[in-house]
Amino acid sequence: MEIRVKSIDGIVEAAKAFVDAMGEKRIFAFYGKMGVGKTTFIKAVCEEMGVEDVINSPTFAIVNEYVDGRGEPVYHFDFYRIMKEQEVLDIGYEDYVYSGNVCFMEWPELIEGLLPADVVKVTIQEEEDGGRTIMF
């Protein structure tokens with residue numbers, strides 16, 4: 001599937017389309033260059049899911065936990081600072097990923113060997129006109 005976002009004004013509609021397309025999938029790995037809008041899009045998706053917590057990049061914490069509109073945990077990872085896959089295992093990565101709760105991951109290419117088989121790979125690409133294409 002592809003979602004086109006022409007400007008930041010369209011992010012709410014894009015997030016709604018993404019949430020509608022999530023179905024029963026729970027693990028989403030977000031790929032894209034630095035500054036392409038991964039965190040911004042994840043924030044919009046979380047808000048669409050009913051998260052009222054402050055949503056920001058867990059760059060230093062590695063994982064943030066939010067609560068969605070149904071009272072379910074949502075986990076948001078940022079692996080940008082990870083040097084070795086063992087660091088991820090040490091924070092209890094498998095407990096989060098196999099919990100049955102939604103997980104959003106930024107910089108998953110740094111832990112590619114640990115991604116579950118059912119992960120949905122999401123690529124965000126900047127277009128020449130400044131818009132974004134979200135492919136999954």
Side-chain angles (χ1 to χ4, degrees):
M1 181 171 194
E2 247 184 46
I3 300 171
R4 181 84 166 99
V5 183
K6 293 184 185 211
S7 71
I8 193 74
D9 296 336
I11 199 162
V12 172
E13 293 81 21
K16 182 174 180 7
F18 187 86
V19 170
D20 290 346
M22 285 172 60
E24 297 299 313
K25 297 292 185 181
R26 293 286 171 257
I27 312 298
F28 300 87
F30 287 80
Y31 296 82
K33 294 180 182 176
M34 177 78 74
V36 78
K38 294 181 295 292
T39 302
T40 302
F41 186 66
I42 290 170
K43 180 179 190 285
V45 169
C46 286
E47 288 171 350
E48 186 62 33
M49 293 173 65
V51 172
E52 294 181 2
D53 302 309
V54 174
I55 302 162
N56 53 29
S57 179
T59 302
F60 295 99
I62 301 174
V63 62
N64 286 344
E65 180 178 339
Y66 314 123
V67 177
D68 71 13
R70 298 175 308 158
E72 298 293 324
V74 175
Y75 302 114
H76 179 192
F77 295 88
D78 184 332
F79 299 119
Y80 184 73
R81 294 174 17 116
I82 293 298
M83 297 296 168
K84 295 180 277 188
E85 287 182 350
Q86 187 60 46
E87 293 175 67
V88 175
L89 296 172
D90 290 346
I91 66 158
Y93 168 82
E94 291 177 327
D95 293 334
Y96 293 110
V97 171
Y98 297 108
S99 68
N101 295 305
V102 173
C103 296
F104 297 124
M105 302 177 186
E106 297 184 52
W107 301 102
E109 52 270 53
L110 299 175
I111 62 144
E112 203 74 39
L114 297 176
L115 293 176
D118 62 346
V119 67
V120 177
K121 294 186 177 186
V122 182
T123 301
I124 302 178
Q125 179 177 301
E126 184 174 9
E127 302 301 336
E128 287 183 20
D129 65 2
R132 303 292 192 269
T133 301
I134 301 157
M135 298 163 282
F136 56 102

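These numbers come from the heavy atoms of this one structure, side chains and all, not from hydrogens, waters or symmetry mates.
Under a 3.5 Å cut-off, the side chain of Lys38 and the backbone N or O of Gly32 do form a donor-acceptor pair. With hydrogens and angles disregarded, a donor-acceptor distance shorter than 3.5 Å links the side chain of Arg132 to the backbone of Gly130. The backbone N or O of Asn56 sits less than 3.5 Å from a side-chain atom of Asn64, completing a donor-acceptor pair. Under a 3.5 Å cut-off, the side chain of Tyr96 and the backbone N or O of Phe77 do not form any donor-acceptor pair.
Ring pair Phe104/Phe28 is tilted by interplanar angle, where 30° to 60° counts as tilted. The aromatic rings of Tyr93 and Phe79 lie perpendicular to each other, with more than 60° between the two planes, well past the 30° mark.
Considering CG of Leu115 and CD of Glu85, their distance stands at 8.5 Å, rounded to 0.5 Å. Between Met105 atom CE and Asp78 atom CG the span is 12.0 Å, to the nearest 0.5 Å. Taken to the nearest 0.5 Å, the CD atom of Gln86 stands 11.5 Å off from the CD1 atom of Ile91. From Glu127, atom CD reaches atom OG1 of Thr133 across 3.5 Å, with rounding to the nearest 0.5 Å. The structure places CD of Glu87 at 4.5 Å from CD1 of Ile82, a figure rounded to the nearest 0.5 Å. For the atom pair CD (Glu112) and NZ (Lys121), the distance works out to 4.0 Å, reported to the nearest 0.5 Å.
For Asn101, the side chain to side chain contact (heavy atoms under 4.5 Å, CB included) partners are Glu72, Pro73, Tyr75, Ser99, not counting sequence neighbours. Thr39 meets the side chain to side chain contact (heavy atoms under 4.5 Å, CB included) test with Ser57, His76, Glu106; sequence neighbours excluded.
A 4.5 Å side-chain heavy-atom check between Ile11 and Thr40 finds at least one atom pair inside the cut-off.
Remark: Arg4 engages Asp129 in a salt bridge, criterion side-chain N to carboxylate O under 4.0 Å.
A ring-centre distance under 6.0 Å is found for Phe18 and Phe41.
Around OH of Tyr98, the count of heavy atoms belonging to other residues, nucleotides or ligands within 6.0 Å exceeds 12.
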